[in-house]
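Okay, so here's the structure we're looking at.
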Amino acid sequence: MTLPAFTVLRPRTLSEALFRLQENPSQVRILAGGTDLLPSMRQRLFAPEYVLDIGGIRELKGIRQTEHGMEIGALTSLREIEHSCDLEQHYPLLVQAAKAVASPVIRNMATLAGNICLDTRCLWYNQSQAWRKSCGFCLKKDGNLCHVAPGGTKCWAVFAGDTPPALLCLEAEIEVMSAVGTERIPLRQLYTGEGDSYHRLQRNQLITRIILPSTSADLRGSYRKIRVRGSIDYPLAAVALALKGDEERIEVLRVALTAVNPAPTMVEGMAAAMRVATTPSEFAEVVAELAARTAKPLTTSALTPEYRREMIRLLARRAFLDVVVAGSGATIRTSSLR
Ligand SMILES: Cc1cc2nc3c(=O)[nH]c(=O)nc-3n(C[C@H](O)[C@H](O)[C@H](O)COP(=O)(O)OP(=O)(O)OC[C@H]3O[C@@H](n4cnc5c(N)ncnc54)[C@H](O)[C@@H]3O)c2cc1C
């Protein structure tokens, strides 16, 4: 599949990039590592007139410690995150989630902001134009019917990025800039929960930094993911869990899911439900039950919704036990089906 024709814009500074975005917002697509955008353009999911290649903007790269925690430039590669000693020491959950993305070659190119803004996915959407045409297209692109839930008007394409659930557990914020101003918002406010218009960024806005607060430093964590192949595969269901405390006393417990809803989703109600549990295995059951109830998988992905929901239950239970019983800090378990 060939790329459609487009003009590449290569700003060298952030202000130039913002100016370019402001000039022609509806015609421009931002290109970071390109590992999501370019395959999608080949499938004619997007055919922008201009591609704004921000890869040369140095001020968007790097990992820094600050007074209030750590900051990661939007263009920082997942490989750099994976190999950062500071992140490994203070935010190990993020490192583990980054390691679970695709493969080493892709992680060399892939950026953190690109992972946060990853397009939602569906069996009826991530296909060639000819394939999609043969089915009459779909609600997310060029059609007016959702093949997953044909009676409704909502798009259910699923968000399947690996790092956003970890970032939600760490209560990360993002800095968003445009030619008219800068704002800082909690990451959880970025996502809409809709499969088609899945985030709230305006077309003239760019994510510049991801901010990890010091209040989330040194949380222990576990990221567990299931995928068809052991590598180079998106999650089909995954759980991130961050925790402070031990078997005797849990002070902080945050759990988030990906690949089962149109947005990465925090599991709510954890504090109240935890009060009824007394032993680690009871705690683990409560976590597993709440996670399974939060997951709303549909037929968007390779495995059945029922299986993926049960996997969320299992992964959540295991993630909790990884941290509390094994006390092993961050762990990554990626299960493949073969
Ligand atoms: C074979 C294969 C396997 C994969 N497996 C996984 C996987 O297991 N897990 C996973 O999470 N992902 C996976 N991916 C998807 C992708 O590699 C990652 O999500 C990656 O992090 C995307 O980052 P990028 O820099 O390449 O994004 P790009 O492709 O450059 O951009 C992705 C989107 O983000 C927008 N964007 C990028 N930067 C910014 C910014 N600073 N501000 C605003 N918008 C921005 C772009 O406009 C675009 O819409 C896979 C991809 C392939 C090809």
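In each ligand, atom 1 is the first atom listed, and ligand 1 is the first ligand listed. All values below were derived from every heavy atom in this structure, side-chain atoms included, with hydrogens, water molecules and symmetry-related copies excluded.
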Contact check: [X] vs ligand 1, nitrogen or oxygen atoms, below 3.5 angstrom:
X      : result
Thr111 : yes
Leu37  : yes
Ala32  : yes

Suppose we measure from [atom] to each protein heavy atom; which comes out shortest, and what is that distance?
atom                    : value
atom 15 (C) of ligand 1 : Tyr234 OH, 3.3 Å
atom 36 (N) of ligand 1 : Cys117 CB, 4.0 Å
atom 16 (C) of ligand 1 : Thr35 OG1, 3.2 Å
atom 41 (N) of ligand 1 : Ile207 O, 3.0 Å
atom 46 (C) of ligand 1 : Ile30 O, 3.0 Å
atom 52 (C) of ligand 1 : Ile106 CD1, 3.7 Å
atom 18 (C) of ligand 1 : Asn115 ND2, 3.6 Å
atom 3 (C) of ligand 1  : Ala102 CB, 3.7 Å

Run the numbers for me: atoms of ligand 1, each under 4.0 Å from some heavy atom of [X], listed by number.
X      : result
Lys225 : 7 (C), 8 (O)
Gly33  : 24 (P), 25 (O), 26 (O), 30 (O)
Asp233 : 5 (N), 7 (C), 8 (O)

Hey, looking at atom 30 (O) of ligand 1, which of Gly114, Gly73, Gly34 has the closest heavy atom?
Gly34

Treat each ILVMFWY residue as a node, draw an edge where side-chain heavy atoms are under 4.5 Å apart, and state whether Ile106 and Tyr223 are in one component.
no

With no hydrogens and no angle check, do the side chains of Lys225 and Thr258 hold a donor and an acceptor under 3.5 Å apart?
no

Would you please indicate if the ring centroids of Phe6 and Tyr50 are separated by under 6.0 Å?
no

